[in-house]
Amino acid sequence: MKNKNAKIWVRSIIVAAICFAATVALYISGLFSFFENKTYDRRMVFASKYITPCDDISLIIVDQQSIDWAKENYGWGWPWPREAYAHMIDFISAGNAFSLAFDILYTEPSIYGQSDDDALALAEKNSGIVIQPLNVLVDYANEKQTLQFPIEQIKANVATLGAVVSLKDDDDIIRRGRLEYEDAASGKVYPTLGTAPIYMQGEQDNLQEAPRLKDGSVLLRYQSSINNYFPYSAYDILHGYDIYAGLAEPEDEDEFFYEPDEFEDKYVFVAYYAPGLYDVFSTPVSQVFPGVGVHITTLDNYLTDSFMRKAPEIVSYTWILLLALFGSIAVTFASLRNSQRLTVFFMAAGFIIGLVLVVAVPYLLFAKGIWLVLVAPAVSFFLSFLICVALSLTVEGKQKRFIKSAFSQCLSKDVVNQIMNDPSSFTLGGKNFQMTAIFTDIQKFSSFSELLTAAQLGSLLNFYLTRMSDIIIDEHGTVDKYEGDAIVALVGAPVEMEDHAVRACAAAIKMKKAEAVMNKEIEQIAAGEKPADMEQDLYDAFKIMVANKKVIFTRIGMNSGEMIAGYFGSENKKNYTMMGNNVNLASRLEGVNKQYHTNGILISAATRDLLGDEFIVRSLDRVRVVNVNTPLRLYELLETREAASPELLQYVDAWEKAFADFEAKEYKGAAEQFKALAAQNENDNVVRYYLELLNNFFLKGKYPVAADDVGVEYNPEDSVFKLMQK
């Protein structure tokens with residue numbers, strides 16, 4: 001036995017070494033670059049939540065509101081006269097800002113004449129802190145770059161120029177930035193727009209301490225949005241200038257306006273931000289990131305010493321090796337247990353721990369500003385783990401026997417056969433799946449319990465749960481568990497399904513139709529003699545239900561997204577189950593049906609986005625459910641498009657128009673449309689719910705709060721309803 005165990009341990013070390021060597025070879029070849037970049041972007045989005053913007057940077061935007069205001073107040077068309085920017089320069093310079101950088105090109109004379117250019121040039125000269133952009137035109141066909149300067153009088157009066165040039169990766173995403181730009185023709189080095197303020201202050205030597213990559217670039221650490229810098233609208237600055245220069249008076253003593261000292265000791269950027277006017281780039285945090293944001297990020301990272309730092313290659317190689325060893329050792333340790341239950345437990349635990357290490361360590365380091373590669377170590381771990389599992393299956397056959405005994409009790413035969421034919425589709429102990437969670441519950445079921453004996457209640461539940469469960473399983477779903485009258489189910493695991501949301505919604509609609517059939521069947525059976533093949537307890541339950549006017553009404557909540565599904569439990573009892581925030585959200589949605597008085601099925605926006613055009617849904621509020629702070633859009637699932645009547649389609653179209661007015665705060669118009677819908681369908685309790693909200697609150701100029709005890713609290717700032725109950 002000892003010799004056998006020793007051979008298994010040696011085998012695991014050899015497997016780890018082979019996986020390490022293969023992974024490193026693939027890593028060096030660049031095979032993982034695309035995937036690594038994508039995980040880099042995901043981590044950047046994650047890390048952006050934990051940094052705050054530099055307080056020394058201010059952004060002024062020429063947005064649509066400013067353009068409309070200037071047209072109304074000054075009669076300016078577009079483009080604005082350059083005198084407008086001269087006013088901004090005078091105003092900001094009076095506040096003793098460190099620098100004022102424009103991300104606006106002045107490469108052609110003003111359409112308003114030379115005097116307009118002279119006004120801007122004079123303001124620059126008097127200011128001494130203005131930075132204008134130096135554009136770099138790239139001729140990719142001839143591999144040639146041409147510098148494009150501002151017109152002469154504007155160029156001659158700037159404090160310095162800043163090159164506006166991007167550094168895109170192969171997928172056109174800007175992850176890196178330049179600290180300077182060297183003109184190949186002249187050999188002259190220019191700062192970029194983001195580092196020009198540093199050059200202007202004579203601190204360019206400090207840039208040498210930045211953590212540069214081999215090509216001299218730096219890894220930028222982005223804010224989640226350019227709006228984190230709380231942009232000032234240009235009209236606020238121009239209005240403040242008018243008052244500061246004595247050209248206008250405040251409308252009243254309480255009017256707020258900015259003064260020049262708002263920008264004292266600030267690095268100020270000015271850029272277009274109206275639709276269609278500004279450059280849009282793809283960055284790790286957004287596919288529509290304003291170009292000025294790249295320059296601001298460069299300066300922010302320098303001022304806060306927050307450039308990303310790539311871990312040394314030796315550290316990456318060591319991490320790849322350690323995870324390869326961990327994967328093989330975890331499987332080997334588990335396979336040497338004497339108990340099959342312990343084997344499964346330790347293998348599952350090893351995989352989960354490995355998965356946590358693969359993801360958590362790079363994410364946590366990234367939040368600290370260190371980029372440790374994720375994909376190559378993950379590949380190394382998974383290869384090592386899976387190869388050792390495969391070897392264990394081949395030698396001992398434990399895995400296949402376990403899968404067959406475990407899943408045959410909770411999954412359809414088709415799904416079990418899929419797993420048996422492709423064991424790689426199943427991962428012990430848990431795996432991330434894109435799937436849909438289903439939670440169902442019978443409305444007011446406690447009132448049933450008060451009327452029925454335990455035996456009658458059990459028979460009724462078996463009648464109900466059998467039919468509902470069969471529908472879920474027919475759609476390749478998995479029944480996770482039963483909790484009294486509630487069903488917890490999932491679609492999309494343990495075998496991945498691209499159409500998991502479609503199958504789940506199809507099951508939900510079939511369940512509601514089956515519910516109607518069951519209620520009719522209960523009424524018919526209760527009216528006659530007991531069928532010969534029916535249990536007495538079930539027949540008695542039917543009779544009592546009809547006598548007390550009880551019907552089955554199922555509430556269903558569904559949510560889609562990434563969840564963990566796996567075989568968890570103790571050594572003596574295990575269940576295949578799911579977990580994760582997206583699971584909890586589905587559970588919350590089931591109860592939210594009660595608040596909105598729906599026909600029974602609520603789905604999240606995540607599920608709605610996966611349905612295409614196969615189903616009829618109607619939009620409901622954006623809400624915050626209990627214990628979940630992120631707002632989400634609710635949708636009520638009504639019918640399959642194939643089975644929908646023309647009347648239903650017209651009704652839903654009318655609903656969407658009414659609801660759009662409600663969300664646009666056109667409350668009177670929305671109320672009239674909701675009244676028309678209520679008259680058209682007196683059984684639509686959702687319409688009546690919104691009419692009550694409108695009549696009791698919104699049409700009276702107030703919003704529901706917790707003290708009103710209507711189940712929701714409305715936040716007018718973001719138009720989100722907070723649900724007060726689960």
Side-chain angles (χ1 to χ4, degrees), residues 57-133 150-162 193 196-197 200 229-251 255-274 277-278 292:
I57 296 176
S58 295
L59 172 63
I60 299 172
I61 56 172
V62 181
D63 53 4
Q64 190 62 50
Q65 185 179 10
S66 299
I67 294 173
D68 296 340
W69 179 86
K71 186 173 182 61
E72 180 180 346
N73 287 271
Y74 300 140
W76 291 345
W78 187 257
W80 282 353
R82 291 173 184 175
E83 182 183 3
Y85 305 105
H87 291 174
M88 290 187 192
I89 293 172
D90 292 341
F91 184 76
I92 293 165
S93 299
N96 295 317
F98 282 144
S99 64
L100 174 56
F102 282 84
D103 190 25
I104 300 172
L105 297 175
Y106 301 112
T107 57
E108 298 290 338
S110 171
I111 63 173
Y112 298 95
Q114 182 175 344
S115 62
D116 192 36
D117 289 325
D118 292 340
L120 179 55
L122 179 61
E124 289 179 329
K125 182 178 180 180
N126 293 336
S127 168
I129 63 170
V130 176
I131 303 166
Q132 293 289 2
I151 61 174
E152 186 56 36
Q153 64 264 52
I154 294 178
K155 173 186 174 186
N157 289 283
V158 297
T160 188
L161 295 171
L193 196 63
M200 197 177 75
Y229 292 94
F230 305 105
Y232 300 84
S233 272
Y235 86 89
D236 279 330
I237 307 305
L238 293 172
H239 180 55
Y241 169 81
D242 286 346
I243 297 174
Y244 166 74
L247 302 176
E249 293 291 335
E251 294 182 3
E255 180 188 3
F256 174 80
F257 57 90
Y258 289 108
E259 298 184 5
D261 60 7
E262 178 78 12
F263 300 99
E264 183 177 1
D265 296 339
K266 298 286 188 180
Y267 300 90
V268 184
F269 289 80
V270 179
Y272 293 146
Y273 206 58
L277 294 183
Y278 64 94
V292 70

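The two residues Ala123 and Asp90 come nearest to each other via the heavy atoms CB-OD1, 3.7 Å. Here the closest heavy-atom approach between residue Ala271 and residue Asp103 is recorded as CB-CB, 4.0 Å. Closest non-hydrogen pair, Pro150 versus Lys155, comes out as O-CB, 3.8 Å. Closest approach of Gly128 and Met200 over heavy atoms only: O-SD, 4.5 Å. Across Pro133 and Leu105, no two heavy atoms sit closer than the pair CG-CD2, 3.7 Å. Residues Val158 and Ile154 approach most closely at CG1-O, 3.1 Å, considering heavy atoms.
Side-chain contact between Asn73 and Leu238 is absent, with no heavy-atom pair separated by less than 4.5 Å. In this structure the side chain of Val292 never reaches within 4.5 angstrom of the side chain of Tyr229, judged on heavy atoms. Inter-residue side-chain proximity for Ile92 and Ile60 is flagged as met; some heavy-atom pair is nearer than 4.5 Å. Within the 4.5 Å cutoff, the side chain of Tyr85 has heavy atoms near those of the Tyr106 side chain. Using a 4.5 Å heavy-atom cutoff, the side chains of Pro79 and Ile111 are in contact.
No hydrogens or angles considered: a donor-acceptor pair under 3.5 Å links the side chains of Asp68 and Gln64.
Ring geometry for Trp78 versus Trp80: interplanar angle over 60°, hence perpendicular rather than tilted (30 to 60°). Using a 30° and 60° split on the angle between ring planes, Tyr258 and Phe256 fall in the perpendicular class, above 60°.
Of the possible donor and acceptor atoms, none in the side chain of Ser99 sits under 3.5 Å from a partner among the backbone N and O of Pro197.
Rounding to the nearest 0.5 Å gives a distance of 10.0 Å between CG of Leu122 and CD1 of Ile89. With rounding to the nearest 0.5 angstrom, the CH2 atom of Trp76 is 11.5 Å from the CD1 atom of Ile67. Atom CZ in Phe269 sits 7.0 Å away from atom CD1 in Ile131 (nearest 0.5 Å). Summarising the geometry, atom CZ belonging to Phe91 is positioned 10.0 Å from atom NE2 belonging to His239; distances are rounded to the nearest 0.5 Å. Note that CD of Glu108 and CD1 of Ile151 are 8.5 Å apart. Values are rounded to the nearest 0.5 Å. Residue Ile57 holds its CD1 atom at 9.5 Å from NZ of Lys266, rounded to the nearest 0.5 Å.
Just one residue in the list Phe98, Tyr232, Tyr244, Tyr241 forms a ring pair (Phe, Tyr, Trp, His ring centres under 6.0 Å) with Phe263, and that residue is Tyr232.
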**Q.** Criterion side chain to side chain contact (heavy atoms under 4.5 Å, CB included) on Ser93 and Asn126, from CA distance to verdict
**A.** CA-CA 9 Å; Ser93 299; Asn126 293 336; over 6 Å; no
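The side-chain hydrogen bond (donor to acceptor under 3.5 Å, both in side chains) pairs that include a residue from residues 111-125 are Arg82-Asp117, Ser110-Asp116, Glu124-Gln132, where partners are two or more places apart or lie in different chains.
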